[in-house]
Amino acid sequence: MSCAVRLRTGNSPSSITNIYDKLLETKSLRHGKIVHQHLLKNTSHNSPILLAKLTRLYITCNELDLASRVFRTIPYPQRKNNVVLWNHMIRAYAWKGPFDRAIDLYYEMVESGVTPTNFTYPFVLKACSSLQALQDGKRIHDHARRLGLESDVYICTALVDFYAKCGCLVDARKVFDKMYDTDVVAWNAMISGSSLHGLYGDTMRLIVQMQEAGLSPNSSTVAAILPAIGEGNQLSQGKTVHAYCVRRSFHSDVVVATGLLDMYGKCGCLVYASRVFDIMGVKNEVTWGAMIGAYISCDFVSEALELYNQMLIGNGICSSPVIIGSVLRAWTKLTDLSGGRRVHGYIIKAGFDYSLMMGNTLLSMYAKCGTIEDVVRLFDEMGVKDSVTYNAIISGCAQNGKAKEAIVIFQEMQLSGIKPDLATMVGFLPACSHLAALQHGACAHCFSAVSGFTTETSICNALIDMYSKCGKVDIARLVFDRMQKRDIVSWNAMIFGYGIHGLGKEAILLFHDMQIAGLRPDDVTFICLLYACSHSGLVAEGKKWFVDMNQDFCIVPRMEHYICMVDLLGRAGLLNEARSFIERMPCDPDVCVWSALLSACKIHKNIELAEEVSNKIQCLGPESTGNFVILSHMYSAAGRWDAAANVRIAQRDLGFKKSPGCSWVEINGVVHAFVGGDQSHPHSAEIYRKLEDMLIDMKRLGYRSESSFVFQDVEEEEKESILLYHSEKLAVTFGILSLGSDKPILVTKNLRICVDCHTALKYITIITKRKITVRDASRFHHFRDGICNCGDFW
DNA sequence: ATAGGGTTAG
């Protein structure tokens, strides 16, 4: 059609309007744009009706920006009166987004005096629902009520959907219950809302009620409930739904089938997931994303990456932000930083939107791969942050030994106005556990209680761990006793708590209680139990449980169990038995197994065996520095300085640096750290003076420094001073100076406590009449009135 | 319908 030519021939305005009209009726975007061009040039041809028609055409063609531009040029009275056009504009934005434009248009409509109709509300409410804009939705609900539109079935359904998506399920239910006629769509709104918020029980109850009301779930219902089933790990329920889908022929629907495979993946049933995937006729990007995610959830990470490549190469499907998120999670699970970095580069190069979720995924990858510098840099770059952002960085720090940083960031989070949630606290408490920062931990406990988190099993589990690692095993037990529901982690954490305090009998009692309560011990339970036996010298019990674990509980021992057993036997002085135990192992012992024996050789001063064990460790590649240190200590103790020096030279040549011994003490919520011979603390002078004073009293009571454990060949007096300024002594002394005389002192050390400090602290408890507790890398030492509860071997 | 944060383990 050569309309452009005809338009130039000086027709009268009314005939031109007719031509415009005809062009718009073709519903062709190209024609619309031609009319638009001419209207811009010949403003005299503008008529409100034409402009309205052009707006409609643009809406139909999904050109919302253009539609909106033309809409605004319609003169006021005509625009005001064309309610239908307002509704169309709002509906278009509510469908396609940006959703906030729909809400803005609604407000503009009301403010310019246009009365919304029953068609307006479902659309604007849908926009509120997509944005989870609770306040706006409530206001709009109020408007509809005042207009007497409350019984309109479409509005009610939209309201149910809106409240349910915002998580206000009580309000959703209120609207729902008032409805005269609830159809499948209204039920689906209720059901998908509770499913979206992970309320598995409620979702299933609603399904039953729906069927009792005589309605059958349709494919949308099924698609809505499958994520909740997956998250609730309800495999048998999921299979029932699958069967229902087959009966109703929903299973060939790509949305339902994708939901099914995702559900199987989340339930850990990879075989079923991939079977659904394989027989699917139509697969889209979401299907591939779900399958890749299923592989990752089931720990088949390299298979997931392989599938991703298959998708790109053989199936013509491009990456999407969601799939890239999954790929990042795969590298995270492999703790493969370079893989993660490559994906990060790809995200930048491909120009993917840097959404909050993508940022959080990247942050979590860097955090789990242990590069705190990258985490902090990314964190600072992120413009928008939410609680997940903070949770990722806090737990990332806590899991990578940066507990002090975790505390600082937790404080920053509170200043930023983002409220810590349940996951924040569960991720933060281990940082307190690690530092034995009881005051921070107790504050976190109070905050959790006030926020209503302490009814949750996960938070109580973290609290049990925190209190027992902060030396308060009694409070840990109180938390344990008051829990409404305990899971396997609760019992394991409590048993381990008793173990580190040398309370083996209590650990065994709890192990029995656990079985009476109907819980089946798992592999971790036995690690905790054997550890407890080992640290309380309960050799016979430990041996018995090791056998029972295999025979009665069908748990195949892992390396960790063997390590516990070698530790148990070795600690008790049964060095030969420990060695033959290792020789009988059905699998090859790793370095940690031999290290456990080497530590035992040190306790029982058996240099010959230590040398032999040390050679084995050398052959395996001595992964850690601790083994060199032990052997060198033993040679030193025997006065064999040359041998000790050779070990240290070998250690240096192989590139192993001794990690410095570090001790810390929490005073009024501030953690003070010390290394050996440290003079950097502001109160250093006082601390050293106090220590020297105490040394005089200690000597009077019979203390002799264990100078054989100084590893350089130096004069006695010098040895004494090297020992005197060990980090644990400095931290204890600072505690004595800073805390009231009735207060017990808790010091934490990153390595095992040294023999001399162990002896010295006993004397210090007598001199200062204080209780002193040291948590070293291995366990708790409770010093009281000149004795330690560890029984002097550790 | 697919992506982000959390508890026990020498």
Side-chain angles (χ1 to χ4, degrees), chain A residues 219-220 222-224 226-227 230 253-263 265-266 284-294 296 320-330 332 355-365 367-368 386-396 398-399 421-430 433 453 456-466 468 487-497 499 522-531 534-535 558-564 566-567 590-593 595-596 599 624 626 777-779:
Chain A
S219 60
S220 305
V222 171
L226 284 170
D253 180 324
V254 65
V255 175
V256 171
T258 303
L260 283 168
L261 93 78
D262 176 60
M263 176 276 294
K266 290 211 172 91
N284 61 22
E285 172 215 306
V286 180
T287 317
W288 285 88
M291 193 63 228
I292 292 168
I296 298 171
S320 68
V322 175
I323 291 177
I324 285 296
S326 286
V327 171
L328 265 175
R329 205 173 121 223
T332 308
S355 67
L356 180 60
M357 220 186 211
M358 187 70 96
N360 288 343
T361 311
L362 279 166
L363 199 66
S364 148
M365 183 275 289
K368 294 240 173 67
D386 65 357
S387 65
V388 177
T389 318
Y390 277 98
N391 299 350
I393 193 167
I394 289 170
S395 62
Q399 287 161 7
D421 58 18
L422 181 77
T424 317
M425 303 317 288
V426 176
F428 174 66
L429 281 166
S433 305
F453 301 155
E456 287 291 321
T457 306
S458 56
I459 204 102
C460 294
N461 294 346
L463 284 170
I464 291 169
D465 179 61
M466 184 276 290
S468 56
D487 62 9
I488 186 84
V489 177
S490 325
W491 292 91
N492 292 353
M494 197 63 233
I495 291 172
F496 188 72
D522 67 1
D523 50 342
V524 178
T525 314
F526 282 99
I527 294 172
C528 299
L529 185 66
L530 292 173
Y531 179 91
S534 168
H535 283 264
R558 275 196 287 136
M559 206 55 86
E560 283 81 358
H561 299 104
Y562 290 112
I563 295 166
C564 285
V566 171
D567 194 65
D590 72 359
V591 175
C592 298
V593 175
S595 301
S599 307
S624 84
S778 176
R779 59 166 292 155

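Within every chain, numbering begins at 1; the chains are lettered A, B, ... in the order of the sequence lines, protein sequences first and strands thereafter.
A:Asp487 places its CG atom 17 Å from the P atom of B:dG6, with the value rounded to the nearest Å. The separation between A:Ile296 atom CD1 and B:dA3 atom P is 9 Å, rounded to whole Å. Rounded to an integer number of Å, the gap from A:Leu422 CG to B:dG4 P is 18 Å. Nucleotide B:dT2 holds its C1' atom 9 Å from the CG atom of A:Leu261, rounded to whole Å. When rounded to the nearest whole Å, the span between CE of A:Met358 and P of B:dT2 equals 17 Å. Look at CE on A:Met466: it is 15 Å from P on B:dT7, rounded to the nearest Å. Rounded to a whole Å, the CG atom of A:Asn360 is 14 Å from the C1' atom of B:dG6. What separates CZ of A:Arg329 from P of B:dG4 is a distance of 5 Å, to the nearest Å.
No contact: A:Asp522 has no heavy atom under 4.0 Å from any strand. Across all strands shown, A:Ala777 has heavy atoms under 4.0 Å from base atoms, whether or not it also approaches the sugar-phosphate. As judged by a 4.0 angstrom heavy-atom cut-off over every strand, A:Asp523 is placed among residues making no nucleic acid contact. If you check every strand for non-hydrogen atoms under 4.0 Å, A:Ser387 touches a base. Among the heavy atoms of the strands, none lies under 4.0 Å from A:Ile394. Residue-level contact check: A:Thr258 touches the bases, meaning some heavy atom is under 4.0 Å from a base atom. When heavy atoms are screened at a 4.0 angstrom cut-off, A:Asp262 is found touching the sugar-phosphate backbone but no base atom.
In this structure, the ring pair (Phe, Tyr, Trp, His ring centres under 6.0 Å) partners of A:Phe496, at least two apart in sequence or on a different chain, are A:Tyr531.
For A:Pro430, taking side-chain heavy atoms from C-beta onward, the closest of the listed nucleotides B:dA9, B:dA3, B:dT7 is B:dT7. Distances from the side chain of A:Ala290 to the nucleotides B:dG10, B:dG5, B:dT2 place B:dT2 closest. Checked against B:dA3, B:dG4, B:dT7, the side chain of A:Leu356 finds its nearest nucleotide in B:dG4. Checking B:dG5, B:dT7, B:dA1 against the side-chain heavy atoms of A:Ser458 singles out B:dT7 as nearest. Nearest to the side-chain atoms of A:Asn492 among the listed nucleotides B:dT8, B:dT2, B:dA9 stands B:dT8. Among the nucleotides B:dA9, B:dG10, B:dT2, the one closest to any side-chain atom of A:Val286 is B:dT2.
A donor and an acceptor atom, one from each side chain of A:Asp487 and A:Thr457, are nowhere located under 3.5 Å apart. With hydrogens and angles left out, the side-chain atoms of A:Asn391 and A:Asn360 include no donor and acceptor closer than 3.5 Å.
Put simply, A:Gln399 has a side-chain N or O that comes within less than 4.0 Å of OP1 or OP2 on B:dG6. Contact annotation: A:Lys368 does not reach the phosphate of B:dG4 (side-chain N/O to OP1 or OP2, under 4.0 Å). In terms of phosphate contacts, A:Ser395 brings no side-chain nitrogen or oxygen within less than 4.0 Å of OP1 or OP2 of B:dG5.
A donor and an acceptor atom sit less than 3.5 Å apart, one in the side chain of A:Asp386 and one in the base of B:dG4.
A donor-acceptor pair is defined here as one N or O able to donate and one able to accept, closer than 3.5 Å; no such pair exists between the side chain of A:Asn461 and the backbone of A:Ile464. Formation of a donor-acceptor pair under 3.5 Å by the A:Arg779 side chain with backbone atoms of A:His535 is found in this model.
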